[in-house]
Amino acid sequence: MAECDFEKPILELEQKIEELAGLANPSLRDEISAMRAQLLSLRKKVYSKLDPWQKTLVARHGRRPHTMDFVRQLMVDFTELHGDRRFADDPAILAGFAHFRSRPVALVGHQKGRQTKEKIRCNFGMPRPEGYRKALRIMQMAEKFGRPVLCFIDTPGAYPGIDAEERGQAEAIATNLREMARLRVPVIVTVIGEGGSGGALAIGVGNRINILEFAIYSVISPEGCASILWRDAAKAPEMARALRLTAPELKELDVVDEIVAEPPGAAHSDPAATISAVGDLLETQVESLMALDASALVEDRYQRFRRMGRFTEVI
Amino acid sequence: MAWFRKAKKPKTANLSRASNVPAGLWVKCVGCGEIIYRQEVVRREWVCPKCGYHFSISARQRLEALLDPGSFEEFDAALASVDPLHFRDKKTYRDRLVQYQEKTGMGDALVSAAGTLEGEALIACAMEYGFMGGSMGSVVGEKITRATERCLKERTPLVVISTSGGARMQEGALSLMQMAKISAGLARLHEAAIPFFSILADPTTGGVTASYAMLGDVNIAEPQALIGFAGPRVIEQTIRQTLPEGFQRSEYLLEHGMIDLIVERRDIRDVLARLLRLLWRSQRAC
């Protein structure tokens, strides 16, 4: 993965502050607090003018909060459930039930993994068909027991491998799209990092679609797009601009409903604040959607996607 | 000015009929390399009489072959793509659209038609591979969704013939969302017990396979068609191995349980008519 070069001055200043604080010298206290203020304004400055490619790198940042971090902070009694009952359990999808702000919910999310071993186990957040089938099983169970579904999107895409193809990657995604449209409980989707194409959308058919400020959502990765259209992956930054994959652009295209602001320095500089902001939004959304009856929810979700797209009609 | 410069550009062949159908009296088969008399290939709906290779044909040709003669009635033909992203790579998306509209004489990569099949009312959509690789953007998404809505209203079965490289990159996330939009329309047909038949032609990949093309009550593939989620090149790059012979071809998908039937092009009409009798005709109130 490419480095976040724009973060360098921030990291250097952070390190300096840490060193000075480590000296435990009371006479440095004023200096340290001045540097902390400087750090804050530096973060604000750097993160207020990121270009789409830099935002892509932030969305993939190694320390960015993952689905499991949201679960740990927002959920009580999380009970993970495993397996698609057909072939296997896919660790790239995390699914289960929990209490969210004293309300029982189902949750489904991509899981990328943090350490190397965990990343490999989670296949870097790229699900195989069994992952999508597990997700659907849990969502349909939520429907059966009248629980709202919270989805967290964070994947480079569905896994493109021989085994995934032979077990029907396309069929698994397609079935999720159709069946999620029919769920008779509220479905709220939040893009927390990378929204990679069909592999993201397969758990993304919701009544509300939220996105974090520096998350991305795209039909193809900038690298994939560059290699197809230019046969040159070095054009990725340019394609990141062309694809309009950033949160404000997606809002303008009416692909997402709400943007959750990230703290100065992005989600990874203060995961707790980021996660609790998402929690607050989810709470109000769950509250308002639970007021709708089942058929109104299905109709609401249909209309949410029905209006997607731009075209002309000359008669 | 150089004296040898040509005053006019040389004329290029008119490719409006179809994407890989060659012109002339004789045709070289893409599959086996045989030189075949053109009339014979035409008679077999562009299937090689020697090896059974299915040439790519246009959306209109597909629909005309499928529906009863004279019943073909196109609708939603006025929908055309815009350039919501102001997308530009080597060319602007706007220029590409104009280029393909001129080449194919179509507004975008899909034709919707109402018609009958052995007298049975039907809505049928066919994708045009010659239009930007049959890619699915807002127009394709809107037209199929409208087709599902019309089927629901008129209680008619739906047939979609797919041949596509997948979602259209030039419309970004809007293309991606068409997968969900169409699938939501198909969910309504599913609940209303109106049949949807998906026909997959070579090639059908990406977001088209991962949405409506795989959602048929019955999925029918033409022989030897490439069908998959990820394209073979992407898979090879990911796993750094060459792929097994026949991987992602119709026969492979049938073996792995992803499609119901492999049907030669000229038999599709008969098979669909039979399926309509078996699944649909008796279900309606007489």
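What you see is a predicted model; the values in this text were computed from it and never measured. We name chains A, B, ... by the order of the sequence lines, and we start the count at 1 in each one.
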Residue pairs meeting ring-ring contact (aromatic ring centres under 6.0 Å, His included), one or both in residues 183-214 of chain A, sequence neighbours left out, come to A:Tyr47-A:Phe214
Honestly, the part of B:Pro244 sitting under 4.5 Å from a heavy atom of chain A is side chain
For A:Gly198 and B:Met179 the tightest heavy-atom approach is CA-CE, 4.2 Å
Could you work out all donor-acceptor pairs shorter than 3.5 Å where one atom is in chain A and the other in chain B?
residue, atom, partner, partner atom, Å
A:Glu165, OE1, B:Phe229, N, 3.0
A:Glu165, OE1, B:Gln248, NE2, 2.8
A:Glu165, OE2, B:Phe229, N, 3.4
A:Glu165, OE2, B:Ala230, N, 2.8
A:Glu166, OE1, B:Tyr252, OH, 3.4
A:Glu166, OE1, B:His256, NE2, 3.1
A:Ala174, N, B:Ala210, O, 3.3
A:Arg182, NE, B:Glu191, OE2, 2.6
A:Arg182, NH2, B:Glu191, OE2, 3.1
A:Arg244, NE, B:Leu85, O, 2.8
A:Arg244, NH2, B:Leu85, O, 2.8
A:Glu299, OE1, B:Arg188, NH2, 2.6
A:Tyr302, OH, B:Glu149, OE2, 2.8
A:Arg306, NE, B:Glu149, OE1, 3.4
A:Arg306, NE, B:Glu149, OE2, 2.8
A:Arg306, NH1, B:Glu142, OE1, 2.9
A:Arg306, NH1, B:Glu142, OE2, 3.4
A:Arg306, NH2, B:Glu142, OE2, 3.0
A:Arg306, NH2, B:Glu149, OE1, 3.1
A:Met308, O, B:Gln178, NE2, 3.2
A:Met308, O, B:Lys181, NZ, 2.9
A:Arg310, N, B:Ser138, OG, 3.0
A:Arg310, O, B:Ser138, OG, 3.4
A:Thr312, N, B:Ala80, O, 2.9
A:Thr312, O, B:Ala80, N, 2.9
A:Thr312, OG1, B:Ala80, O, 3.4
A:Glu313, OE1, B:Arg146, NH1, 3.3
A:Glu313, OE1, B:Arg146, NH2, 3.1
A:Glu313, OE2, B:Arg146, NH1, 2.9
A:Val314, N, B:Ala78, O, 3.3

If one checks every heavy atom of A:Met180 against chain B at 4.5 Å, the contacting part turns out to be neither
The interface call for A:Leu250 against chain B, heavy-atom contacts under 4.5 Å, is side chain
Between A:Gly309 and B:Leu174 the two heavy atoms that sit nearest each other are N-CD2, 3.8 Å
Honestly, the part of A:Leu201 sitting under 4.5 Å from a heavy atom of chain B is side chain
Cut-off 4.5 Å, heavy atoms of chain A, and the answer for B:Ile239 is side chain
| request: Mind running side-chain contact (heavy atoms from CB on, under 4.5 Å) on A:Val314 and B:Leu79 for me, showing each step along the way? | output: CA-CA 7 Å; A:Val314 201; B:Leu79 265 69; over 6 Å; no
Looking only at A:Ala170, A:Ala181, A:Ala226, most heavy-atom pairs under 4.5 Å shared with chain B are made by A:Ala170
Correct closest heavy-atom pair for A:Ile173 and B:Ala210 would be CG2-O, 3.7 Å
Correct closest heavy-atom pair for B:Ala167 and A:Val219 would be CB-CG2, 3.5 Å
Rounding to 0.5 Å, atoms CE (B:Met169) and CG (A:Leu243) come to a distance of 8.5 Å
In this structure, CG of A:Leu253 is separated from CG of B:Leu85 (nearest 0.5 Å) by 5.5 Å
Of all heavy-atom pairs linking A:Leu177 and B:Ala180, the shortest is CD1-N, 4.2 Å
Heavy-atom closest pair (B:Phe229 atom, A:Ala158 atom, distance to 0.1 Å) is CE2-CB, 3.6 Å
